[in-house]
Amino acid sequence: MTILKDLREFNKILVKLFNDILDYKADALKTPEFKDLTNNDVHVISAIGQNTRKNMSMIARELSVTIGSLTIAINSLVRKGYVIRERSDKDRRVVFVKLSLKGEKAFMQYEDFHSNMVSAMLKDLDMDEKKILVNAMTKIDNWIKVGLEKNKEIKNEEN
């Protein structure tokens, strides 16, 4: 294979894999109990986490979104009954959010889904293949993190 053909093939696989995982996840999480959740909702629920109380800044930073975007998502999740919003006793401007019982149930379903998906993906790989895969994915993830930081720097310079 030529390097150009390798790059095209990698790009094709990467895009297909990304889209297929999103489709698989969306389909798997669409249960009668949680049919009102979007993929975005699930990511916010996951970022809040179980048995935690986080402020909006922490969650926005973790999701790499603005406070404004997160506020819209949180408002929707509060209306749907998945999230509880609380103001700080020390500083009323600070808003904490935590999962309701319904939100914790959705969180657990999402965590179980991920655990089962990863186990199923890795079950036919031997130990060497797993090590190579994790190593390659770690390098790709590091490249993405560097790219995101560069993009943030460029956007900050433009503002």
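What you see below is based on every heavy atom in this structure, not just the backbone, and it leaves out hydrogens, waters and symmetry mates.
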Could you tell me whether the side chain of [Y] reaches within less than 4.5 Å of the side chain of [X], counting heavy atoms only?
X: Q109; Y: L37; answer: no
X: D41; Y: V44; answer: no
X: H114; Y: K25; answer: yes
X: M58; Y: F96; answer: no
X: N75; Y: R85; answer: yes
X: I84; Y: V97; answer: no
X: L122; Y: E129; answer: no
X: I74; Y: V95; answer: no

Problem set entry | Y24 ring center near F113 ring center (under 6.0 Å) | yes
Donor-acceptor under 3.5 Å ([X] side chain, [Y] main chain):
X: R87; Y: R92; result: yes
X: E149; Y: V146; result: no
X: T52; Y: K54; result: no
X: N135; Y: K131; result: no
X: D141; Y: M137; result: no
X: S46; Y: V42; result: no
X: S115; Y: E111; result: no

Exercise. Is it true that atom CG of L17 has more than 12 heavy atoms of other residues, nucleotides or ligands lying nearer than 6.0 Å?
Worked result: yes
Problem set entry | Heavy atoms of other groups near K105 NZ, more than 12 under 6.0 Å | no
With rounding to the nearest 0.5 angstrom, report the [atom1] to [atom2] distance, [X] to [Y].
X: Q50; Y: M108; atom1: CD; atom2: CE; result: 5.0 Å
X: D126; Y: I132; atom1: CG; atom2: CD1; result: 8.0 Å
X: K130; Y: D124; atom1: NZ; atom2: CG; result: 9.0 Å
X: I45; Y: L99; atom1: CD1; atom2: CG; result: 6.5 Å
X: N40; Y: H43; atom1: CG; atom2: NE2; result: 8.0 Å
X: T66; Y: M56; atom1: OG1; atom2: CE; result: 9.5 Å

Is there a continuous path of hydrophobic side-chain contacts, each under 4.5 Å between heavy atoms, that joins [X] to [Y]?
X: L133; Y: M117; answer: no
X: I72; Y: I59; answer: no
X: V65; Y: L148; answer: no
X: L14; Y: W143; answer: yes
X: V94; Y: I48; answer: no

Exercise. At their closest point, which heavy atom of K80 faces which heavy atom of D36, and how far apart are they?
Worked result: NZ-O, 2.7 Å
For this session: Please report the shortest heavy-atom distance between S100 and G81, naming the atom on each side.
Result: OG-O, 2.6 Å
For this session: Determine the interplanar angle of the Y82 and F34 rings, folded into 0 to 90°, and report it as parallel if under 30°, tilted if 30 to 60°, perpendicular if over 60°.
Result: tilted
